[in-house]
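Heads up: the structure comes next, in structure tokens.
Just so we're on the same page: letters track the sequence lines, and every chain starts at 1.
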2 protein chains.
Amino acid sequence: MDPYDSKILQLLSQNARMKWADLAASIGLSAPAAAERVSRLMDQGVIKHFSTIVDPESVGCDLAAFVAVSLERPEHRGKFLALIEKLAEVQECHHIAGDDDYLLKVRCRNTKDLDRVVSHEIKSLPGIIRTKTTIVMDTIKESTEVALQSHKFSS
Amino acid sequence: MDPYDSKILQLLSQNARMKWADLAASIGLSAPAAAERVSRLMDQGVIKHFSTIVDPESVGCDLAAFVAVSLERPEHRGKFLALIEKLAEVQECHHIAGDDDYLLKVRCRNTKDLDRVVSHEIKSLPGIIRTKTTIVMDTIKESTEVALQSHKFSS
DNA sequence: AGTGAAATCTGGACGTT
DNA sequence: AACGTCCAGATTTCACT
């Protein structure tokens, strides 16, 4: 990957509202050149969007949990995925290899709220064989940054 | 929570580079008032930072995995957490309840790269009893947005 | 705490190297 | 492909409500 683009992604990951002039100065380019690279990265889909990272506990989301879900048959997938997409408490959903089918990351107010999401919302669907919930006691690291390699890859 | 702040967090989560004027117009406030609320939310720590969400596959991070880690004794924690903090491939580290101690979310280039991170970097530490790696085959949802409740919470 | 206007600064367009 | 200039528009400050 272009070293300029790599640096741009790194700096913008840390501060998405950085001024083009500051970004440009940090990488040794002029502001228009830096801005053009950013819009190109957006067009290419390398930059998905700019987001604001909110402290969950400051807004009453005190509980995090991982929920492994096993589905009975593929025909139940559609409804399941539609529900997952709808639920704001489900931050992530990954299709995984191994004993279970999906691994969800859930953030909600408290254990009662988690019970509502898991037992009432998710388990109410047909085809859910089982769920295994793992409570997060403390989050030590939570980054949105992607490890950028110095070596080449497809551009 | 203040309904203005709630709306601000929601809108900025979707687009952190939104102009204050546009943000203000969307919530029915003037630009200076909106900007002041944002800086107050930053001072309070409600907004942790503004981040750019990069498509992992576009930058050669094709593999995601969850790694559960069991530590032998508390005295090995310090070195383990220092390593976790250092490794860019480890995006998240949660202290969890249950059979294992920590759950890591890892993003890296390929299975060989995952082997380097898990087998060489992490397992080389003293006190690691075992690791259980779960490969992610597909990521269906991955959001940084926090579910904001309409009801009150501490401010 | 929010508004509106003024001064300042930023960002996108264009022409040049 | 990057730079520098120019102008429209956004941000910030300030006085006022």
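The side chain of A21(B) sits closest to dT11(D) out of dT11(D), dG2(C), dA2(D). For P32(A), the side-chain atoms get nearest to dA13(C) when compared with the rest of dA13(C), dG11(C), dA2(D). With dG12(C), dC3(D), dG2(C) as the choices, the nucleotide that has an atom nearest any side-chain atom of A35(A) turns out to be dG12(C).
Between the side chain of E121(A) and the main chain of R116(A), no donor-acceptor pair closer than 3.5 Å is present. Of the possible donor and acceptor atoms, none in the side chain of S13(B) sits under 3.5 Å from a partner among the backbone N and O of S51(A).
If you measure from atom OH of Y4(B) to atom P of dG2(C), you get 7 Å, rounded to the nearest angstrom. Atom C1' of nucleotide dG9(D) and atom CG of L23(B) are separated by 17 Å, given to the nearest angstrom. The interatomic distance linking E36(B) (CD) with dT12(D) (P) rounds to 11 Å, in whole Å. In this structure, M18(B) places its CE atom 17 Å from C1' of dG9(D), rounding to the nearest Å.
Remark on DNA chain C: of its neighbouring residues R17(B) and L29(B), the 5'-side contact belongs to L29(B), judged by nearest-heavy-atom nucleotide. Residues A31(A) and K19(A) each lie close to DNA chain D; by heavy-atom proximity, the contact nearer the 5' end of the strand is made by A31(A).
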Test side chain to side chain donor-acceptor pair (under 3.5 Å) on D100(A) and S70(A) and set out the steps. CA-CA 5 Å; D100(A) 299 298; S70(A) 289; 2.7 Å; yes
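Between W20(A) and dG12(C), a side-chain N or O to OP1/OP2 separation shorter than 4.0 Å is present. For R37(B) and dG2(C), the shortest distance from a side-chain N or O to OP1 or OP2 is below 4.0 Å.
There is a path of hydrophobic side-chain contacts, each under 4.5 Å, that joins F50(B) to V59(A).
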